[in-house]
Amino acid sequence: MKLLKLLAATTAVAALLASPAFAQTRIALVVKSLGNGFFDAANKGAQEAAAELGDVEVIYTGPTAATAEAQIEVVNALIAQQVDAIAISANDPDALVPALQRAMERGIKVISWDSGVAPEGRQLHLNPSDTALIGETIIKLAADYLPEGGDVAILSAASTATNQNAWIEAAKAVLPEKFPNINLVATVYGDDDSVKSTDEAKGLIASYPDLKAIIAPTTVGVVAAAQVVTDQNLIGKINVTGLALPSEFKQFIDNGASQAVALWNPIDLGYSAVMLANALVEGEEAAPGATLSIGRVGEVTLDDTNSAAMAAPFQFDASNIEEFSQIY
Ligand code: RAM
């Protein structure tokens with residue numbers, strides 16, 4: 001009887017030790033804002049990485065609105081909790097630097113992923129794909145369906161978002177030479193907020209009567225723009241394109257508000273971010289030229305700013321969006 005009790009107690013302790021509360025490594029996945037399906041998909045991959053690693057707990061967190069100020073509060077709370085690593089998709093490249101430097105001074109490993117922090121505020125940064133390639137892709141997505149050219153506008157996320165700003169800059173850089181008949185008339189910001197994005201899309205349509213395409217390099221903005229085009233009976237007149245999560249966007253390929261969009265695999269991105277944060281906790285060095293494993297996704301080599309890119313984006317259209325909408 002005594003032996004049975006002892007056995008039961010030992011099993012209970014073992015179960016406790018194996019539970020996330022007793023995980024040895026706690027990695028915070030900090031997103032631009034909660035309630036964004038893109039980040040929920042990334043979290044899926046992050047949890048998958050934690051399960052694969054076994055002794056890792058992923059804390060999925062972020063503010064309700066996509067602002068740097070709100071993210072600073074989240075980071076301060078994580079410092080107080082003494083997490084082992086912070087992996088952040090930042091709403092601003094510079095504003096978060098002091099808070100993240102405090103985290104690093106306290107021994108917390110810091111990486112950015114998706115949307116970067118300036119090099120002094122993190123140890124490494126994981127881009128989803130090559131920035132120049134994404135910039136060119138979002139323009140090409142519009143140009144492919146505008147053989148005669150015409151007016152296009154960009155509906156972005158926050159005006160300070162590192163990733164969108166880098167893609168827009170890259171897009172503008174290829175316009176004159178590669179897409180001379182595409183006329184970019186405006187860039188507006190919807191803050192990855194559905195209501196603001198909707199208002200901004202309506203504003204573009206009202207201000208530019210000859211608008212032929214809205215390019216939204218944000219999964220939140222692209223849905224808002226496609227809904228406005230649908231509601232205003234502009235399908236066939238304005239093509240909505242950009243970066244979209246197939247599960248959220250399929251309806252707008254189906255109804256013709258969009259011909260095609262692109263995105264990388266957000267599940268793989270969250271998974272890779274956790275793999276990299278964990279590698280740093282385990283003592284791997286983030287230095288230019290270092291090659292780090294991202295588990296089942298492969299490996300990345302850091303450039304001279306300690307940045308790397310995961311994989312090329314996929315394009316989704318009527319031929320394949322159904323299949324991908326089942327996955328993310
Ligand atoms: C939104 C966010 C995210 C971006 C995607 C494409 O969900 O702005 O940072 O990578 O769109």
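Order of appearance sets the numbers: ligands from 1, and atoms from 1 within every ligand. Computed over heavy atoms, backbone and side chain alike; hydrogens, waters and symmetry mates excluded.
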For residues 213-230, dump all side-chain donor-acceptor pairs below 3.5 Å to protein atoms at least two apart in sequence or in another chain.
residue: T218; atom: OG1; partner: D192; partner atom: OD1; Å: 2.6
residue: T218; atom: OG1; partner: V220; partner atom: N; Å: 3.0
residue: T218; atom: OG1; partner: G221; partner atom: N; Å: 3.0
residue: Q227; atom: NE2; partner: D231; partner atom: OD1; Å: 3.0
residue: T230; atom: OG1; partner: A226; partner atom: O; Å: 2.7
residue: T230; atom: OG1; partner: N255; partner atom: ND2; Å: 3.2

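- One finds a salt bridge joining R296 and E48 here, because a Lys/Arg side-chain nitrogen approaches an Asp/Glu carboxylate oxygen to under 4.0 Å.
- Here the closest non-hydrogen pair linking P147 and N181 is O-ND2, 3.6 Å.
- The distance from ligand 1 to the heavy atoms of W264 drops below 4.0 Å at these ligand atoms: 10 (O).
- Against a heavy-atom cut-off of under 4.0 Å, F39 is close to the following atoms of ligand 1: 3 (C), 9 (O).
- Classified by interplanar angle (parallel below 30°, tilted 30° to 60°, perpendicular above 60°), the ring pair F324/F314 is tilted.
- The protein heavy atom nearest to atom 11 (O) of ligand 1 is T219 N, 3.0 Å.
- If you number the atoms of ligand 1 from 1 as listed, the ones under 4.0 Å from a heavy atom of F38 come out as 3 (C), 7 (O), 10 (O).
- Looking at T241 and N239, their side chains never bring a donor and an acceptor atom within 3.5 Å of each other.
- The only option from T25, N43, L53, N278 that meets the side-chain contact (heavy atoms from CB on, under 4.5 Å) definition with V58 turns out to be N43.
- By the criterion of a heavy-atom distance under 4.0 Å, neither the backbone nor the side chain of L245 is placed next to ligand 1.
- Residue contacts with ligand 1, taken as heavy atom pairs separated by less than 4.0 Å, do not involve W113 at all.
- Contacts with ligand 1 closer than 4.0 Å are made by side-chain heavy atoms of D114 only, the backbone lying farther away.
- Looking at W167 next to ligand 1, no N or O pair under 3.5 Å apart turns up.
- Taking only non-hydrogen atoms, the option from L263, T162, T218, D192 nearest to atom 2 (C) of ligand 1 is D192.
- On a distance-only criterion, N163 and ligand 1 share at least one N/O pair closer than 3.5 Å.
- D254 and K250 are joined by a salt bridge, as a carboxylate oxygen and a charged side-chain nitrogen come within less than 4.0 angstrom of each other.
- Proximity of V220 to ligand 1, defined as any heavy-atom pair under 4.0 Å, is not found for any part of the residue.
- A273 and L126 make their closest contact through N-CD2, 4.0 Å (heavy atoms, listed as atom of the first residue, atom of the second, distance).
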